[in-house]
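First comes the structure, then the notes that go with it.
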Amino acid sequence: MARVQLKNIWKVFPGDVIAVNDVTLDIQDKEFLVLVGPSGCGKSTTLRMVAGLEEISKGEIFIGDRLVNDVAPKDRNIAMVFQNYALYPHMTVYNNMAFGLKLAKLPKREIDARVREAAQILGIEMLLDRKPKALSGGQRQRVAVGRAIVRQPAVFLFDEPLSNLDAKLRVQMRTEISKLHSRLQATMIYVTHDQVEAMTMGDRIVVMKDGLIQQVADPITLYDNPTNKFVAGFIGSPPMNFMDGTIEGNGSGPVFQEGSVSLPLPPKFKEGLAPFKGRKVTFGIRPEDIYDTTENLEGHIKIDAKVEVIEPMGAEIYLYVTTGTSPFIARCEPHTTAKVDETKTLTLDLNKAHFFDPETENVII
């Protein structure tokens with residue numbers, strides 16, 4: 001397998017449209033790296049430049065120790081799995097998987113061994129004589145992955161491979177691809193717009209927006225310590241709640257004030273928020289850090305909120321509520337007694353709060 005390095009990569013389309021803006025990444029050998037972000041953020045364009053399917057406007061890409069800027073896709077020793085499977089409809093599964101190896105003029109015996117080994121890994125041995133039209137979406141995706149495996153490439157590239165599958169199949173295939181990575185010990189670069197996929201699959205995650213990298217980190221660091229408001233709001237489901245207000249002070253420490261809502265903050269925020277006294281900030285808290293409880297714990301504070309919508313999710317309930325002028329979501333136990341249009345007392349764990357500069361949107365603390 002191979003290390004992949006992107007050094008100051010740009011992609012500028014006609015009309016000075018910047019799709020990828022000075023991206024630098026060092027993807028380690030055997031790493032599973034996920035590029036995630038909203039549509040149009042540049043993640044697929046970045047992947048296509050690694051594959052050689054998109055010309056680089058500026059910068060350098062190395063696969064292993066080789067500069068590949070001017071190397072044709074077929075000579076880069078990569079294999080790509082696409083969103084639409086890209087299978088040949090007139091060929092059997094076996095021939096779809098073997099096609100690239102036949103073009104490379106490998107011996108028939110080796111082709112057969114590779115195809116059957118990949119089919120066994122993916123559990124599609126019984127499908128080898130079928131054609132794509134006789135397969136389900138999940139089976140077609142396995143064939144597309146199998147076609148990549150038989151190549152034994154230095155790097156696997158996945159471009160939103162699960163987007164066409166239903167929710168249950170997506171969860172199953174997520175697990176299959178993660179197990180495949182562990183088994184093959186391969187370098188994999190995976191593009192998705194689904195932050196749940198990113199969090200559950202990646203060793204590291206690259207969050208992109210408007211062609212720029214916002215943050216690169218392992219999933220837990222990304223979740224617990226987002227570098228800015230965009231990352232905080234994009235990672236997590238339901239997303240982080242935000243409130244705009246000001247930092248006031250009293251004898252015991254800082255207080256976040258938003259209209260009638262007044263939140264005395266734990267001592268841990270005193271030093272970091274001192275320069276923002278009297279200034280506007282954005283307060284952020286995740287839905288799971290808002291409880292339907294009567295306990296009195298250090299750093300927790302109770303607020304009254306009007307319940308607008310209740311979403312039962314089985315193992316938990318989402319309460320869409322309003323306090324002051326701000327709507328937010330609380331993630332509660334399934335047996336909460338909340339009712340629509342009533343005022344409910346909720347507890348906020350302010351030890352888990354985040355604060356952002358409203359001008360730069362960067363994290364303060």
Side-chain angles (χ1 to χ4, degrees), residues 4 23 25-28 30-44 46-47 81 83 138 141 145 156-210 212-242 284-290 311 313-318 328-332 349 352-354 356 361 363:
V4 179
V23 164
L25 276 173
D26 190 349
I27 302 149
Q28 297 301 311
K30 302 177 184 177
E31 183 175 20
F32 196 127
L33 185 95
V34 179
L35 300 172
V36 68
S39 296
C41 71
K43 57 190 185 296
S44 287
T46 301
L47 191 78
V81 180
Q83 178 180 344
Q141 193 54 275
V145 172
F156 287 86
L157 307 176
F158 295 87
D159 190 8
E160 305 210 33
L162 309 184
S163 296
N164 290 342
L165 304 181
D166 62 51
K168 186 176 180 182
L169 256 180
R170 277 206 305 273
V171 173
Q172 185 182 340
M173 284 301 296
R174 273 202 326 247
T175 307
E176 294 294 330
I177 292 174
S178 293
K179 286 196 299 189
L180 188 65
H181 176 251
S182 298
R183 180 164 181 169
L184 298 179
Q185 288 294 290
T187 305
M188 292 185 175
I189 307 174
Y190 189 103
V191 161
T192 181
H193 64 273
D194 184 336
Q195 55 90 18
V196 175
E197 270 182 38
M199 291 291 286
T200 54
M201 296 175 76
D203 296 328
R204 283 191 304 154
I205 300 170
V206 180
V207 182
M208 295 185 70
K209 177 191 177 191
D210 299 332
L212 292 163
I213 291 178
Q214 302 295 306
Q215 188 172 359
V216 184
D218 64 87
I220 299 303
T221 299
L222 209 61
Y223 192 79
D224 289 341
N225 300 296
T227 193
N228 59 36
K229 184 181 174 184
F230 174 79
V231 175
F234 190 82
I235 298 296
S237 181
M240 183 180 286
N241 299 294
F242 296 109
I285 189 165
R286 295 204 179 275
E288 60 267 33
D289 298 322
I290 304 172
E311 281 189 354
M313 304 297 289
E316 58 198 6
I317 283 181
Y318 299 161
F328 62 91
I329 306 171
R331 197 173 186 170
C332 298
D349 182 357
K352 304 283 185 65
H354 300 263
F356 305 91
E361 296 197 348
V363 70

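Reckoned from all heavy atoms, side chains included, excluding hydrogens, waters and symmetry mates.
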Which atom pair, heavy atoms only, marks the closest approach of [X] to [Y]?
| X | Y | answer |
| --- | --- | --- |
| S237 | Y318 | O-OH, 4.2 Å |
| F158 | L47 | O-CD2, 3.5 Å |
| I290 | C332 | O-SG, 4.4 Å |
| G233 | P239 | O-CB, 3.3 Å |
| S178 | T200 | OG-O, 4.4 Å |
| A232 | F356 | CB-CZ, 3.6 Å |

Can you tell if the side chain of [X] reaches within under 4.5 Å of the side chain of [Y], non-hydrogen atoms only?
| X | Y | result |
| --- | --- | --- |
| I205 | P219 | yes |
| I213 | L25 | yes |
| S163 | H193 | yes |
| L162 | I177 | yes |
| K352 | R286 | no |
| R170 | V196 | no |

Q215 and N228: side-chain contact (heavy atoms from CB on, under 4.5 Å), yes or no, with the steps?
-> CA-CA 8 Å; Q215 188 172 359; N228 59 36; 5.9 Å; no

Steps toward side-chain contact (heavy atoms from CB on, under 4.5 Å) verdict (M208, T46) = CA-CA 10 Å; M208 295 185 70; T46 301; 3.9 Å; yes

Testing V191, V23, I189, V34 for side-chain contact (heavy atoms from CB on, under 4.5 Å) with K43, which one passes?
-> V191

As an exercise, state the distance from [atom1] of [X] to [atom2] of [Y], rounded to the nearest 0.5 Å.
| X | Y | atom1 | atom2 | answer |
| --- | --- | --- | --- | --- |
| D289 | M240 | CG | CE | 8.5 Å |
| F32 | F156 | CZ | CZ | 11.0 Å |
| T192 | D159 | OG1 | CG | 9.5 Å |
| L165 | Q172 | CG | CD | 9.5 Å |
| I235 | L222 | CD1 | CG | 5.0 Å |
| L35 | L157 | CG | CG | 10.0 Å |

Output all residues satisfying salt bridge (charged side-chain N to carboxylate O under 4.0 Å, His left out) with D194, sequence neighbours left out; order by chain, then residue number.
-> none

side-chain contact (heavy atoms from CB on, under 4.5 Å) between E197 and Y190, worked out | CA-CA 10 Å; E197 270 182 38; Y190 189 103; 2.8 Å; yes

Measure from NZ or CZ of K229 to the centre of the six-membered ring of F242, then state whether that distance is under 6.0 Å and the direction lies within 45° of the axis.
-> yes

Does any N or O in the side chain of D166 come within less than 3.5 Å of the main-chain N or O of K168, such that one atom is a donor and the other an acceptor?
-> yes

Just by modelled atom types, is the R331 backbone N or O under 3.5 Å from a matching donor or acceptor in the E288 side chain?
-> no

Check the pair D203, H181 against side-chain contact (heavy atoms from CB on, under 4.5 Å), reporting the backbone distance first and the verdict last.
-> CA-CA 11 Å; D203 296 328; H181 176 251; 3.7 Å; yes

